[in-house]
Amino acid sequence: MLITTKRSTTCTLHTMNHRLLYVSVDMSGQIKLNHWSQATRSCQIIYAQPDDPCNTPAACGPFTVCRGNPNPSCDCMESFSQKSPQDWKVQDRTGGCIRNTPLHCISDKNITSSTDMFQPIAQVTLPYNPQIIAVASTQSECEETCLGSCSCTAYSYNDSKCSVWNGELLSVTRNDGIEYTSKDVIYLRLAAKNFMPSLRKNKRKPNVGVVTAASIIGFGLLMLMLLLLIWRNKFKWCGFLPLYYDNQGSVGGIIAFRYTDLVRATKNFSEKLGGGGFGSVYKGVLSDAKTTVAVKRLDGVRQGEKQFRAEVSSIGLIQHINLVKLVGFCCEGDHRLLVYEHMLNGSLDRHLFKKSNNVDTVVLNWNTRYQISLGIARGLSYLHQSCRECIIHCDIKPESILVDASFVPKVADFGLAAFVGRDFSRILTSFRGTIGYLAPEWLSGVAITPKVDVYGFGMVLLEVISGRRNSSPEISHNTKSSRNSYQHHEYFPVQAIRKLHGGDVKSLVDTQLHGDFDLEEAERVCKVASWCIQDGEFDRPAMSEVVRVLEGLQEIDMPPMPRLLAAIVEQSDAATSMY
Ligand SMILES: Nc1ncnc2c1ncn2[C@@H]1O[C@H](COP(=O)(O)OP(=O)(O)OP(=O)(O)O)[C@@H](O)[C@H]1O
């Protein structure tokens with residue numbers, strides 16, 4: 001007799017000893033020989049084929065993982081759901097599971113592209129009917145092979161063997177440690193959408209968490225760039241400026257002024273202190289009503305820009321008692337202004353080279369001159385050696401030295417400054433400076449060193465001694481013959497060395513002092529100055545040595561006559577005597 005139900009087909013037969021035996025084929029395809037026990041009034045399985053229910057092709061249907069014996073339990077693979085939950089309820093799982101999200105796969109004639117990803121299912125027996133891909137020798141090649149075909153649903157790469165499956169996956173059984181001990185891993189193809197944060201290790205595509213984190217970081221960076229842009233716009237062309245503004249608008253100790261602040265401070269630039277090649281200087285008072293400042297307004301956008309940058313990046317970053325203090329700056333639109341502490345006594349030239357109509361200034365006494373010389377030397381020594389990077393002033397002259405109320409000198413005017421990195425000793429730079437203070441190497445076009453400042457300083461020292469410009473004519477008469485008398489304009493530096501050699505320093509010192517000076521100091525200053533103006537930069541002392549000599553800590557030899565200087569003077573003498 002054959003009985004068919006929805007769940008199984010049963011065939012009953014009677015045996016000789018009247019025991020009831022029957023054969024059933026259930027949904028999964030498993031064939032069982034059953035025995036009806038009258039005593040226990042229950043059915044007992046005598047024989048089953050295949051003996052493990054998970055081993056039947058349709059124990060759980062496609063895209064499931066089967067587990068357990070004798071009664072199998074079936075789970076849908078991840079991101080799959082039961083195809084027919086009603087059937088599953090009545091133990092009919094043959095329909096298996098279906099995808100929650102369709103795969104993404106576009107197949108053209110030659111190219112297949114896909115954004116799908118793979119979910120590993122570990123410790124399983126692999127499905128039936130694999131296709132072995134012999135050419136794939138790595139796991140990624142195996143993965144690529146599967147992605148390259150729209151029908152491929154999974155791959156495995158175990159023991160260097162690549163297997164791929166097309167269509168439904170059947171008979172995947174989980175390792176139970178007894179019947180099933182497989183350590184194989186199958187990689188199930190899923191739509192990228194299905195991936196959860198737990199799959200961060202997947203190499204092919206970033207997961208949601210990574211994407212979110214990257215988006216937040218990206219957004220933060222964008223905002224930072226936007227802020228920087230706004231900041232840069234505010235200080236257009238000021239990209240070189242230090243970045244550390246504090247909340248009072250101060251940059252590493254110097255203040256970033258608004259143009260209107262400086263208009264107010266200088267009462268609309270009404271009190272002019274002086275003017276130079278790059279602009280005019282005005283007196284001002286800051287909003288605290290205490291700080292008096294000198295505001296330099298730079299003219300000419302291009303040249304002014306260069307000077308502005310040089311000043312801010314040199315004197316703006318360092319401080320020394322003998323260097324003028326940069327209080328702040330303004331860099332707004334085309335406006336470039338530099339704000340310095342105000343030096344009551346202005347620049348040194350005003351005090352050294354008095355004009356007859358200048359009643360404001362008094363004659364500098366010898367001690368003040370000596371202290372000014374020492375102060376300038378200390379300021380330059382700091383610039384050359386004590387800073388992080390060597391700064392060469394490039395324009396040392398009396399106009400570049402300011403003096404405060406107590407006649408403490410301050411090196412100023414850094415608009416032509418050049419910078420020499422720590423690891424370098426010289427720099428090739430464009431010609432800069434002022435005639436009369438220029439070292440010979442400027443003219444030969446070689447790379448310069450801080451010794452160009454030493455040369456300029458030497459020239460300034462001679463002017464401090466004499467109280468007159470080195471180039472100003474000193475008229476001496478040739479007394480041999482009154483008929484042939486001619487006016488002899490001796491260049492003061494040459495005259496100074498000659499007199500130094502002749503032991504007549506006294507006659508070099510400013511006559512306005514009426515002999516009120518320290519001769520030993522005057523000789524020392526004269527010697528130092530003469531060494532500083534030597535032709536060869538290696539013959540000139542470093543500013544630190546100059547400081548030691550002027551402080552009386554180091555002795556100094558008699559300097560030779562600089563040959564170049566002497567030659568130039570001799571030539572001009574010869575030319576003069578011909579007339
Ligand atoms: N901080 C200051 N305090 C007081 N007066 C100053 C200050 N800075 C400059 N001055 C005055 O303004 C004048 C002009 O200075 P500025 O630096 O513009 O030109 P310079 O040094 O004379 O010439 P250049 O810059 O062309 O070499 C100076 O000679 C000085 O009298």
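Numbering of ligands and ligand atoms starts at 1, following listing order.
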Visitor: Is there a donor-acceptor pair closer than 3.5 Å between any side-chain N or O of Arg336 and the backbone N or O of Gly333?
Guide: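 Side chain of Arg336 to backbone of Gly333, a donor-acceptor pair under 3.5 Å: yes, one is there.
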Visitor: For a 4.5 angstrom cut-off between non-hydrogen side-chain atoms, does Lys499 reach Val494?
Guide: no
Visitor: Can you confirm whether the side chains of Thr434 and Asp395 place a donor and an acceptor under 3.5 Å from each other?
Guide: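 Yes - a donor-acceptor pair under 3.5 Å links their side chains.
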Visitor: When His393 is tested against each of Tyr437, Phe457, Phe414, Tyr382 for ring-ring contact (aromatic ring centres under 6.0 Å, His included), which residue passes?
Guide: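 It is Phe414; the other options fail the test.
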Visitor: With Val403 as reference, evaluate Ile372, Leu364, Thr368, Leu344 under the side-chain contact (heavy atoms from CB on, under 4.5 Å) test and give the passing residue.
Guide: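 Of Ile372, Leu364, Thr368, Leu344, side-chain contact (heavy atoms from CB on, under 4.5 Å) with Val403 is met by Ile372 alone.
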Visitor: Pairs under 3.5 angstrom, nitrogen or oxygen on both sides, ligand 1 versus protein: list them out, please.
Guide:
residue  : atom   : partner : partner atom : Å
ligand 1 : 1 (N)  : Glu341  : O            : 3.0
ligand 1 : 3 (N)  : Met343  : N            : 2.9
ligand 1 : 17 (O) : Lys296  : NZ           : 3.1
ligand 1 : 17 (O) : Asp413  : OD1          : 2.8
ligand 1 : 17 (O) : Asp413  : OD2          : 3.4
ligand 1 : 21 (O) : Asp413  : OD2          : 2.2
ligand 1 : 26 (O) : Gly277  : N            : 2.5
ligand 1 : 27 (O) : Lys397  : NZ           : 3.1
ligand 1 : 29 (O) : Ser347  : OG           : 3.2

Visitor: Within 45° of the axis and under 6.0 Å from the centre of the six-membered ring of Phe492, does NZ or CZ of Arg469 qualify?
Guide: no
